[in-house]
Amino acid sequence: MSGLLTERVALVTGGGSGIGRATARAFAAEGATVAVADVDPEGGHQTVELIESDGGRASFIRADTSIAGEVENMVAEAVRTHGRLDCACNNAGIEGRVGTTTIDYDEGDWEHVINVNLKGVWLCMKYEITEMVEQGAGAIVNIASIAGLVGLSGSSPYAASKHGVVGITKTAALEFAKQGVRVNAVCPGVIDTPLLDRIVTRLPGRKQFYLDAQPIGRLGAPEEVAAAVVWLCTDQASFVTGHAFPVDGGFVAG
Ligand code: NAP
């Protein structure tokens, strides 16, 4: 692909690291101008620099996607700076405490993961879809997980949040299909990012466990997830909405 998103504006949350950074760069490689949002200004600015050094256009917006006012401001700033909003990838997410069973989580662990991973995606869609309906078109991709499709031992609030992301993706897709807004989810498998590094540092042995569980025999790269996100935002995916698309090396096929 090249130039499939020329003159379009894309917003990526959690764009300062991992899958978000790869997605922001992939949007820019297709010609989109990218608003890179993240709670971490350092990572976000680095992503903008990488896009600019590749010859693309990008800006940084600091936003915590679990806070309504910051999300409203993020979408408004993207539109104010770049004139419109055509594509959004709601990617910001956290793993929370892993390796603990359902009965051992406390309320604080639970609420933190749900607030960032589920409420955050809902808040992003709330303001993005409002803008896209006014424009008469738009495409959103929410980053869920294989844990949004199947259970994942030791990650109860994470799995709950990601199943929730799949649910609100399908619901919003039905609600806004006739208004020109497509909403899909991508469900990554085990992807080699700083999030995964944190898990395997805390739980030695997990990396081999994940590798053994991959039908394809290796971990995924962030760029392999980004390619699916960008395709779903192009006109090549014009008849695709309400889909939860695994990019998982075959994991959920088993
Ligand atoms: P990552 O490398 O940790 O990157 C996530 C980025 O989001 C970081 O820059 C992080 O900032 C930022 N962030 C965290 N909370 C935020 C908030 N409330 N508001 C705005 N930004 C926030 O993680 P990743 O592996 O790329 O994961 C990206 C998404 O893919 C997540 O939704 C994750 O659940 C999903 N996913 C990942 C995998 C995997 O194997 N890696 C698999 C399935 C799904 P800080 O670093 O400052 O926290």
Side-chain angles (χ1 to χ4, degrees), residues 11-26 35-48 50 60-75 88-98 111-124 141-150 152 155 157-166 169 185-203 206-207 209-211 213-214 218-226 228-229 244-249 251-252:
L11 169 66
V12 181
T13 70
S17 177
I19 292 168
R21 171 173 288 170
T23 300
R25 295 184 78 182
V36 177
D38 205 291
V39 76
D40 168 25
E42 198 183 327
H45 282 298
Q46 279 170 7
T47 301
V48 169
L50 286 165
F60 173 69
I61 304 169
R62 197 214 157 272
D64 180 336
T65 55
S66 66
I67 299 174
E70 296 198 14
V71 177
E72 183 175 15
N73 178 63
M74 171 186 78
V75 173
C89 176
N90 299 320
N91 159 81
I94 55 171
E95 68 279 21
R97 202 146 68 86
V98 291
E111 284 175 357
H112 185 43
V113 173
I114 297 292
N115 278 343
V116 176
N117 291 7
L118 179 54
K119 180 182 151 197
V121 169
W122 163 64
L123 285 172
C124 289
V141 176
N142 296 320
I143 301 299
S145 169
I146 49 174
L149 301 172
V150 296
L152 190 65
S155 297
Y158 185 80
S161 71
K162 295 301 188 178
H163 275 73
V165 168
V166 171
T169 297
V186 163
C187 301
V190 187
I191 310 299
D192 201 358
T193 69
L195 180 153
L196 185 69
D197 291 342
R198 287 192 297 273
I199 294 175
V200 300
T201 303
R202 268 182 247 148
L203 301 172
R206 264 292 163 120
K207 191 159 192 174
F209 168 80
Y210 286 141
L211 274 170
Q214 301 307 306
R218 64 174 176 82
L219 302 180
E223 291 74 19
E224 292 175 295
V225 180
V229 174
F245 183 7
V247 178
D248 67 345
F251 189 94
V252 298

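Counting starts at 1 for both ligands and their atoms, following the listed order. As the structure is a prediction and not an experimental result, all values here were calculated from the model. The residues of the chain are indexed from 1 along the displayed sequence.
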* Applying side-chain hydrogen bond (donor to acceptor under 3.5 Å, both in side chains), run through Asn142 and Thr169 and close with a yes or a no. => CA-CA 7 Å; Asn142 296 320; Thr169 297; 3.0 Å; yes

* What pairs with His163 under ring pair (Phe, Tyr, Trp, His ring centres under 6.0 Å), at least two apart in sequence or on another chain? -> none

* **Atom NZ of Lys207 with >12 non-hydrogen neighbours under 6.0 angstrom** => no

* Between Arg21 and Glu223, is the closest basic N to carboxylate O distance under 4.0 Å? -> no

Distance dump, ligand 1 polar atoms to protein, N/O, under 3.5 Å:
from: ligand 1; atom 1: 2 (O); to: Ser17; atom 2: OG; distance (Å): 2.7
from: ligand 1; atom 1: 3 (O); to: Arg198; atom 2: NH2; distance (Å): 3.0
from: ligand 1; atom 1: 9 (O); to: Asp38; atom 2: OD1; distance (Å): 3.2
from: ligand 1; atom 1: 9 (O); to: Asp38; atom 2: OD2; distance (Å): 2.7
from: ligand 1; atom 1: 11 (O); to: Asp38; atom 2: OD1; distance (Å): 3.2
from: ligand 1; atom 1: 18 (N); to: Asp64; atom 2: OD1; distance (Å): 2.9
from: ligand 1; atom 1: 19 (N); to: Thr65; atom 2: N; distance (Å): 3.0
from: ligand 1; atom 1: 19 (N); to: Thr65; atom 2: OG1; distance (Å): 3.2
from: ligand 1; atom 1: 21 (N); to: Val39; atom 2: N; distance (Å): 3.4
from: ligand 1; atom 1: 25 (O); to: Thr193; atom 2: OG1; distance (Å): 2.5
from: ligand 1; atom 1: 26 (O); to: Ile19; atom 2: N; distance (Å): 2.8
from: ligand 1; atom 1: 32 (O); to: Asn91; atom 2: O; distance (Å): 2.8
from: ligand 1; atom 1: 32 (O); to: Lys162; atom 2: NZ; distance (Å): 2.9
from: ligand 1; atom 1: 34 (O); to: Tyr158; atom 2: OH; distance (Å): 2.6
from: ligand 1; atom 1: 34 (O); to: Lys162; atom 2: NZ; distance (Å): 3.0
from: ligand 1; atom 1: 40 (O); to: Gly189; atom 2: O; distance (Å): 3.4
from: ligand 1; atom 1: 40 (O); to: Ile191; atom 2: N; distance (Å): 2.8
from: ligand 1; atom 1: 40 (O); to: Ile191; atom 2: O; distance (Å): 3.3
from: ligand 1; atom 1: 41 (N); to: Ile191; atom 2: O; distance (Å): 3.2
from: ligand 1; atom 1: 41 (N); to: Thr193; atom 2: OG1; distance (Å): 3.1

* Structure fact -> Those residues at least two apart in sequence (or on a different chain) that pass side chain to side chain contact (heavy atoms under 4.5 Å, CB included) with Ser155 are Val98, Leu152, Tyr158

* All ring pair (Phe, Tyr, Trp, His ring centres under 6.0 Å) counterparts of Phe245, not counting sequence neighbours -> His243

